[in-house]
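Numbering of ligands and ligand atoms starts at 1, following listing order.
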Amino acid sequence: MQNKPIVVMKQMPILVLNSGSSSIKFSLFQASGSERSKLFEGAVDGIGTDRGKFWIKDASGKKLRDETPALPTRNVAFKLVADALGQPPFPYPAAIGHRMVAGGPHLTRHQRITPEVLDEMELNVAFAPLHTPIAVYIMREAEILFPGVPNFVCFDTAFHTTIPEVAQRFAIPEQYWEKGVRRYGAHGISYESIVYQLGKDVPERLIVAHLGNGSSITAIKHGKSLDTSMGLTPTGGLISGTRTGDIDPGVLLYILRDITGGADELETIVAKKSGLLGTSQLSNDMRELRDAVAAGNQHAAMAVAQFAYSVKKFIGSYIGVLGGLDMLVFTGGIGENDIAARREICAGLEHLGIIIDAKRNDVRGEAVISSEASPVLVRVIPPAEDLLIANHAYKMMQEA
Ligand code: ADP
């Protein structure tokens, strides 16, 4: 299949697709010169269930679709999206931008999707096993359902290609480095979008904590990733909703010898049954855990304390590798909304220059939360991942 020539228009509608294991989020931007306006956004969620969610809202927040269809397969889910977006009031896209978690060692640049790029992603499914199959399916399907529209892919791993080799390498035999076993990191599009939003305010030494259902943290020097907590897969680093985060390899060996299901069972344990869920024995959702803590649940209290402790430890170590700190940014569902988590993480870091103001911290969404006296500026900034992908797609259209 040959890629069609690119047609550049003055007003360019750009569709952004972000597929997860059970959802497809989308937004439609109008791009022109340096102007970007989001026209619509929506999602299909609950793929694999007979009562999913499908909604689309316009820029004013008005819901244009709000349904609970059966979504037995990803095919049904994406067809629903494509059928809806293929007719008025939605402008037909001039380009489609896709988000991809990881493409393996050779695919790390944001780029136009070609048949070779798709094949390479499929070959490297091991680098993002939960995400790649559905993402590649959506990319292939988008070419069929939106014929002639060029597709572009943005990789989360792209932002972390600047990490120096000393931090990319694990201390394991050389043959694994050669096979591509190294720190790729994740949430790169979120981090890139924070740097983009900060613009000329990007300081020399920045730490961004992306705390959500999956959590990671990145040390950023002069706008470039210097180190990040997730490793070969998102299981490493900070404690996440269902993932262990960094763990003594001896624990993995202990579990492996204790179970009968081998690597697959071990993967389920470390990626789906651990983290906040594992410790709390209750939930991977921070809001539910906060309610449980308020009701006196000790396991939930331990899970929440462990989470804050793991973030605090990384902040300390990243201040070390950055040689100090100018700004700390919280983002992601927990970073933006969980006032207590920000307070717990920052408590005790005053001697490192991180002093938050209790009143300023009592906020959800974009804000400066450090006190006037704080040497480090502490901010909350929601990520703008879809805008970033639209920007890249627009730029790549101009360059093509
Ligand atoms: P994902 O990694 O799936 O994108 P999000 O960034 O949406 O996840 O973050 C989801 C997490 O944010 C959940 O643990 C959720 O409980 C938490 N969260 C959202 N709102 C709040 C809130 N008001 N207080 C505490 N936690 C919150």
Min heavy-atom dist Arg364 to ligand 1 below 4.0 Å: yes
Geometric cation-pi criterion, Arg379 with Phe330: 6.0 Å, 45°: no
Check for me whether Gly214 has a heavy atom closer than 4.0 Å to any atom of ligand 1. yes
Just by distance, with hydrogens left out, do Ser280 and His299 show a side-chain donor and acceptor under 3.5 Å apart? no
The option among Leu211, Asn213, Val304 carrying the non-hydrogen atom nearest to atom 2 (O) of ligand 1 is Asn213
Checking contacts now, so for atom 16 (O) of ligand 1, which I'm interested in, is there any protein heavy atom under 4.0 Å? yes
Per atom 7 (O) of ligand 1, closest listed option by heavy atom (Gly333, Gly332, Ala340): Gly333
of all protein heavy atoms, closest to atom 13 (C) of ligand 1 is Met286 N, 4.0 Å
Under 3.5 Å: N/O of Lys25 near N/O of ligand 1: no
The closest protein heavy-atom partner of atom 22 (C) of ligand 1 is Asn337 CB, 3.4 Å
Ring centres under 6.0 Å, that's the criterion: do His160 and Tyr191 meet it? yes
Any atoms of ligand 1 less than 4.0 Å from a non-hydrogen atom of Asp285? List them with their elements. 14 (O), 15 (C), 16 (O)
For Gln298, is the CD atom crowded, meaning more than 12 foreign heavy atoms sit under 6.0 Å from it? no
Are the aromatic rings of Phe40 and Phe90 close, with centres under 6.0 Å apart? yes
Tell me yes or no: between the side chains of Asn151 and Arg112, is some donor less than 3.5 Å from an acceptor? no
What protein heavy atom sits nearest atom 27 (C) of ligand 1, and how far off is it? Arg287 CG, 3.7 Å
Quick check against the 3.5 Å criterion: does Thr244 have a side-chain atom that pairs as donor or acceptor with the backbone of Ile247? no
